[in-house]
Structure formats: C-alpha cells, structure tokens
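Please read the structure below before turning to the comments.
Throughout, a chain's letter reflects where its sequence line sits, starting with A, and its residues are numbered from 1.
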2 protein chains.
Amino acid sequence: MPARKQTKAPPVMAEADIAIVRIAPETSFKNKAYEALKEAILKMDIYATPEQVMLDERALSERLGVSRTPIREAIAMLEQDGFVKTVPRRGIVVVRRTKTEIVDMIRAWAALESMAARLITTTARKKDITALRDFFKDFGKDRLPQDHVEEYSKANIAFHQALISLSESPVLVDLTNDLLLHVRGYRQLTIGRKDRTATSLPEHLGIIEALEARDTELAEKRARDHTLGLAAYVEAHGQELFS
Amino acid sequence: MPARKQTKAPPVMAEADIAIVRIAPETSFKNKAYEALKEAILKMDIYATPEQVMLDERALSERLGVSRTPIREAIAMLEQDGFVKTVPRRGIVVVRRTKTEIVDMIRAWAALESMAARLITTTARKKDITALRDFFKDFGKDRLPQDHVEEYSKANIAFHQALISLSESPVLVDLTNDLLLHVRGYRQLTIGRKDRTATSLPEHLGIIEALEARDTELAEKRARDHTLGLAAYVEAHGQELFS
DNA sequence: TCCTGGTATTTGGTATGCCAAAAATCTTCC
DNA sequence: GGAAGATTTTTGGCATACCAAATACCAGGA
C-alpha cells in the first residue's frame, strides 16, 4: 500500500500564545444558504405581489454558487420555520400568512411578553429596566411618534426585544423573535401605524413604570394588554392590509 | 430522438364519478425519516445514559433503507427543532436539556396556556369546556391520582393539550406542543410527580370552573399559576432528576 | 380556430461518490 | 515501555447524476 504524501508542514509554533478564536466553524454552505435565503425572504415584501413567490432550487444553487444539496437542506430548515412550503413536483412557495394567522401570532407574542414582564419584575436590575426608556428618548412632545412612524416603529421593535431579553429567558426570547419575524413580514403594518402610534408610547412607559415598581401583576397586565391591543387593531383594520 | 414508449392506458372513465382522493402526496423519505427519527428520539430516555447519545448518518440511512440525502435533510429539520445538534466532523448529538432550560420552557408553556385560557373564556362553547372534566373521570376519592401516577400523568398531558386546543389558536397549539415534546423528555419527571399530583387535580378543576364562569382574568391566572407551579417544582426538586 | 394527443422540459426527490477534517489506530524510534 | 508521528478510518459536507411526476409546449386533425 503506497504511503500518502504529506504536504502539511510540521507545526513548530508556540502553543497558548493568543486567545484561541475557537477556529470559527466557518459556517457550512447549508447554514450560509439558510441565512441568505431567510434574509432574502424577510427582505422582500411577499404581500405586495399578487401572485405567490416561488423559489427554484437550481436557480438558487447557481446564484449562491453551491450545489443543490446544501440549498435543499436550507429549504428544509426554512420549511420548519414556516417561511416556506415545498410542494412535491410543483415548487417551493414562500408562505403568505392570512390576517387571522398574524393576529394569532401577535396574541402568542402577547402571552410570551407578558410572562417576560412578570419575570423581569423579580429578577432584572433596576438600571436595566430604566434603560428601556432610552429607546424612546428621541420622541416627546416636540417630536411626536406619529410624525416619524418609520423611525418609531424601529424603536418599538427594539424596545420589545430588549424587554424580552431582560427576562433572561432564552426560550421566551427565541420564540418571540421567531414570531416577530413572521409578523414583521407585513410591511404596511409597521407594528401599529400612525393611529396606534399615539397611544403606543404612553403604554410603553406604563409598562416600564410597572416593572420599576416591581409590580408583577400590573407589569404583566400592561405588557399583555398593550400587545393584545395591537392584535385587536390588526384584526379590526387588517382588511386593507391584506390581499 | 427516439420517442418514449407510453405504457399508460388511456383513461376512458367517466368524470366526476367518485370523490377524488387528492392522490395523497405519499410523504417523501425526508419526512418519513424526520418522523421516524423524531419518534425514536422522543422514545429513548436520553437522560438515563451517562454519555451523550450520538447519531450516525450512514447507520441511519441503512437502518431506514434510504440514502443519506433524505436523512441529512431530516437531521437539518430536527436541528431546527432543537432536538439534535450536528457538530461538523464529530457527529450528530441528541441534545440534552439542562434543568434551567426545562424550567424555562415550562414557564413559556405557562404563558401560552394562560393566554389560551383567556381566549377560551370568550370563544369556546360551554359543552366543550365541560368536556374537559372527562379526562379525570377515572380519578376521585376512591381512586386517588397519586396512586396511579403514570396513568394520571397521561390524563394530565391530554387535558392540557385539549385545553390549548379549545383556544382554536393554531399558533398556541403548535408552540405548546413543541415545548411539551421537549419537557416530556424527562421521563422521571412525569409532569409533576407523586407529591405534586395531589394538588394537581383540584387545580385543574379550578381552571375548568373559571372557564365555565367565563371569568377571563381568573381563568388566565389559574392556568398560569398551575403551570408555573410545575416550573417551581422542577426548579426546586429537579436536582435529583438531572445528571 | 380550437381542441387533443403527446413529447419535451421543468422540478423536487433520491442515490452515490468523493473530499477534508478529526479521531482512532498503528509505527517506530529513543 | 512510552511517546511522538504517520496512517487509516470515521464522519459530516458537498457535488453530481438520474428518476418520476407535473407542466409547458407543439404539431396535427376536426
């Protein structure tokens, strides 16, 4: 049996020199494809176009410069996430949610966030809670949220995510983020549009106050009612937002 | 170019005769593998063995009689579910949850279930709510739950799932089921063991009563507190249950 | 012109084979 | 006998080829 030639130079370097960077698993193509496709799907406004958006394995593999195999694995993952649905010999379709489904998701979000609020009152540090106000420091009497809907919407999302994070519950954080990704698919519904924006800020501050006061029940209720309010809003005014 | 021979007989049948059965997409190997592996993982007691359980793509493909491709796709899906974690050139390991993680999951479960309870008070039919009692009809003064822990545990799970279903919220149902699958991994913790079993039944009945009374706040509170009680129990007595 | 049979093409599903990194095993030299 | 080093084996990652079902497309006939 012929010996395999060795081209690798002997490692003469000194050990334990710099903090080992964990070698960076250099994400596989599968994961890269997953991230790329996920971002692409989230970026596009799937509710804007009349006909459903389809994906093509081969086209994607060419665009991303990899074979179909990792693409298919990425698609399988996206399907688990509910972003995509592959129909046997038809194609891969980007899932469009109905108004009912979105409302349903927002309710679940409300449930998770109210639990987060509950937990926060018992574990979070005062300064971290107070820091939540910073998300809205750019808004006030002289700069109304309803006059900067886009910007306020971003602050809104950031606030909610920061809030959940304070619960220090990975499960709540992950589940909520997943839901948020789906809900945010609706561009037009920038998380409570102009008319809701006005009441949004005071409610947020109310939540923060309850958290600071360590009033578990009140914080939970306010967090829940706030998000349920959004659900009700979408349910009532959602017609025009959906196809 | 040679013509492809046609073996299909011409369909001379009368249309609109029998209800077309939609052909049944005959789940792909990928999905079959997913289901099979998922069930296998849930069936095994991963917390019983000292060393972590590993899966081998090739071995699995042989066992299931399919190639590695569908197996890998199934693995990718299971990884999304959090049941499995594949380490690049090491292997595929069945994820073991820590006590903290389980407690965290139960809290999320509590959040979702309390929201379900809330919704139920406003939408469910009286008879459906009352039917929830049936799950415990085999237990009473003469047949205490704590004397039939295994059986009661099954009724327990069934009750909770039926409860959530009554909310008619697919999102709540799906999210809860996913969490349940992970939580149930702990065989030893048969969802509140003997000592908790005693208080479990009355609490369940309390939830049902609140639902029947359409007392939204109370139902929510009872549902939440009941499950949070389990979380607290696991957090307090979980040491001996985990490695 | 429009329908019809049928072929070509498209598309996801699956099987295989090879690669490189790691780990396991074996060699060899001190 | 032990340890460093080379080799084999294992294992997941990826590319490729082929299949069958579904569809698109096209020619021929009423």
Only one of E62(B), E57(B), E73(B) passes side chain to side chain donor-acceptor pair (under 3.5 Å) with R68(B), and that residue is E57(B)
DNA chain C: 5'-proximal contact among N31(B) and R89(B) (nearest heavy atom) = N31(B)
Taking atom P of dC19(D) as reference, at what distance in whole Å does atom CZ of R68(A) sit?
-> 14 Å
Whole-Å distance between dT23(D) P and D56(A) CG?
-> 15 Å
Integer-rounded Å distance: dA22(D) C1' and I92(A) CD1 = 15 Å
Return yes when atom NZ of K85(A) has more than 12 non-hydrogen atoms of other residues, nucleotides or ligands closer than 6.0 Å, and no otherwise.
-> no
Between S67(B) and dT14(C), is there a side-chain N or O to OP1/OP2 distance below 4.0 Å?
-> no
Could you state the atom-to-atom distance from CE of M54(A) to P of dA22(D) in whole Å?
-> 14 Å
To the nearest angstrom, how far is E73(A) atom CD from dA15(D) atom C1'?
-> 12 Å
Checking all strands, does I71(A) fall into the base, sugar-phosphate, or nothing category for heavy-atom contacts under 4.0 angstrom?
-> nothing
Taking for each residue the nucleotide of DNA chain C with the nearest heavy atom, is it V87(A) or T69(A) whose nucleotide lies nearer the 5' end?
-> V87(A)
Confirm from the modelled atom types if S28(B) and dT14(C) form a donor-acceptor pair under 3.5 Å, side chain to base only.
-> no
Taking every heavy atom of G185(A) against every heavy atom of D45(A), the minimum-distance pair comes out as O-OD1, 4.1 Å
Nearest heavy-atom contact between K99(A) and Y186(A) is N-OH, 4.2 Å
side-chain N/O R90(A) vs dT23(D) OP1/OP2, d < 4.0 Å = yes
Supply the atom-to-atom distance L55(A) CG to F83(A) CZ, rounded to the nearest 0.5 angstrom.
-> 13.0 Å
Length of the line joining R58(B):CZ and dG12(D):P, which is rounded to integer Å | 7 Å
Is T86(B) touching bases, backbone alone, or none of the nucleic acid, heavy atoms closer than 4.0 Å?
-> sugar-phosphate
Specify the separation, in whole Å, of atom CG of L78(A) and atom C1' of dG12(C).
-> 16 Å
For atom CD of E57(B) and atom P of dC18(C), their distance in whole Å = 17 Å
